[in-house]
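Report on the following structure.
When reading the values below, keep in mind they use all heavy atoms of this one structure, side chains included, and skip hydrogens, waters and symmetry mates.
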Amino acid sequence: TQLLEQSPQFLSIQEGENLTVYCNSSSVFSSLQWYRQEPGEGPVLLVTVVTGGEVKKLKRLTFQFGDARKDSSLHITAAQPGDTGLYLCAGLATQGGSEKLVFGKGTKLTVNP
Amino acid sequence: GEEVAQTPKHLVRGEGQKAKLYCAPIKGHSYVFWYQQVLKNEFKFLISFQNENVFDETGMPKERFSAKCLPNSPCSLEIQATKLEDSAVYFCASSQDRRGKNIQYFGAGTRLSVL
């Protein structure tokens with residue numbers, strides 16, 4: 001069974017601070033996706049990284065896929081209260097011809113004004 | 001439609017009752033996935049379909065859970081004789097294909113409360 005360890009589980013910071021969320025695994029994933037989930041809603045895809053070493057930027061968010069495609073990080077620069085939410089990483093695992101998303105447990109981010 | 005539509009939004013059942021959840025995937029998407037999100041935000045994969053065929057059911061508790069995706073109908077997830085531990089938010093997602101990035105788009109979920 002492929003597992004994704006996501007850390008930290010909770011993060012409370014002040015507006016303007018930087019933060020990094022990590023997802024680590026001993027398994028290789030075809031791709032890794034980052035989602036953001038608001039209360040009462042489904043996860044919304046932020047980005048997909050596919051190639052080892054890939055870096056993608058989405059405004060103040062920077063996503064990186066590890067060279068070996070086993071880990072990923074999300075870095076937020078100058079966090080704002082609007083960034084508050086649950087961030088989930090999910091790796092695309094291929095087993096026996098089937099593909100499914102393996103989710104980390106999420107990071108609940110609170111950005112205080 | 002342009003988004004994954006799940007109904008109902010909330011469902012309350014007494015222990016032992018049946019629960020049925022529905023999901024309409026995005027038009028043109030061939031794959032449908034069901035996930036269960038329990039306390040502490042853990043997502044558990046349940047089952048996936050390729051059109052009306054079961055693609056992967058390795059996450060399904062076989063005794064009480066069943067799912068279908070029939071042509072021209074919303075997909076459904078049914079739980080017979082619900083138990084307290086079935087209380088969770090059930091998410092449906094759809095994707096266009098399984099190659100490469102396999103981007104899954106999620107519905108807003110159905111919150112099932114078993115009392």
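Looking at Q37(A), the atoms closer than 4.5 Å to chain B (heavy atoms on both sides) all sit in the side chain, from C-beta outward. Using a 4.5 Å cut-off between heavy atoms, Q37(B) contacts chain A through its side chain alone, with no backbone atom that close. In this structure, the portion of K9(B) lying under 4.5 Å from any heavy atom of chain A is its side chain and not its backbone.
Here the shortest heavy-atom pairing between Q33(A) and I103(B) reads NE2-CA, 4.1 Å. Closest of all the heavy-atom pairs between G42(A) and F91(B) is CA-CE2, 3.2 Å.
Hydrophobic cluster membership differs between L88(A) and Y22(A), with clusters built from Ile, Leu, Val, Met, Phe, Trp and Tyr side chains linked at under 4.5 angstrom. L92(A) and F63(A) fall into different hydrophobic clusters, where Ile, Leu, Val, Met, Phe, Trp and Tyr are joined by side-chain heavy atoms under 4.5 Å apart, directly or via other members. Residue I76(A) is not grouped with residue Y35(A) when hydrophobic side chains (ILVMFWY) are merged at heavy-atom distances under 4.5 angstrom, including chains of intermediate members. Hydrophobic clustering (side-chain heavy atoms under 4.5 Å, transitive across Ile, Leu, Val, Met, Phe, Trp, Tyr) keeps V38(B) apart from I79(B). In terms of hydrophobic clustering, with Ile, Leu, Val, Met, Phe, Trp and Tyr side chains grouped at heavy-atom distances under 4.5 Å, V102(A) and L46(B) are assigned to different clusters.
Residues forming a salt bridge (charged side-chain N to carboxylate O under 4.0 Å, His left out) with E15(B) (at least two apart in sequence, or on another chain): none. Taking the side chain to side chain contact (heavy atoms under 4.5 Å, CB included) definition, one finds that N51(B) meets it with S30(B), sequence neighbours left out.
For NZ of K62(B), the number of neighbouring non-hydrogen atoms (other residues, nucleotides, ligands) closer than 6.0 Å is greater than 12.
By a heavy-atom distance cut of under 4.5 Å, F106(B), G107(B), A108(B) are the residues of residues 105-115 of chain B near chain A, going up by number.
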*Determine, step by step, whether Q104(B) and L45(A) satisfy the side chain to side chain contact (heavy atoms under 4.5 Å, CB included) criterion, reporting the C-alpha distance in whole Å, the side-chain angles of both residues, the deciding distance to 0.1 Å, and the verdict.*
CA-CA 8 Å; Q104(B) 296 183 20; L45(A) 182 68; over 6 Å; no
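Taking 4.5 Å as the limit, some side-chain heavy atom of Y35(B) sits within range of a side-chain heavy atom of L101(A).
Residue pairs meeting the disulfide bond (SG atoms under 2.5 Å apart) criterion with at least one member in residues 21-113 of chain A, sequence neighbours excluded, are C23(A)-C89(A).
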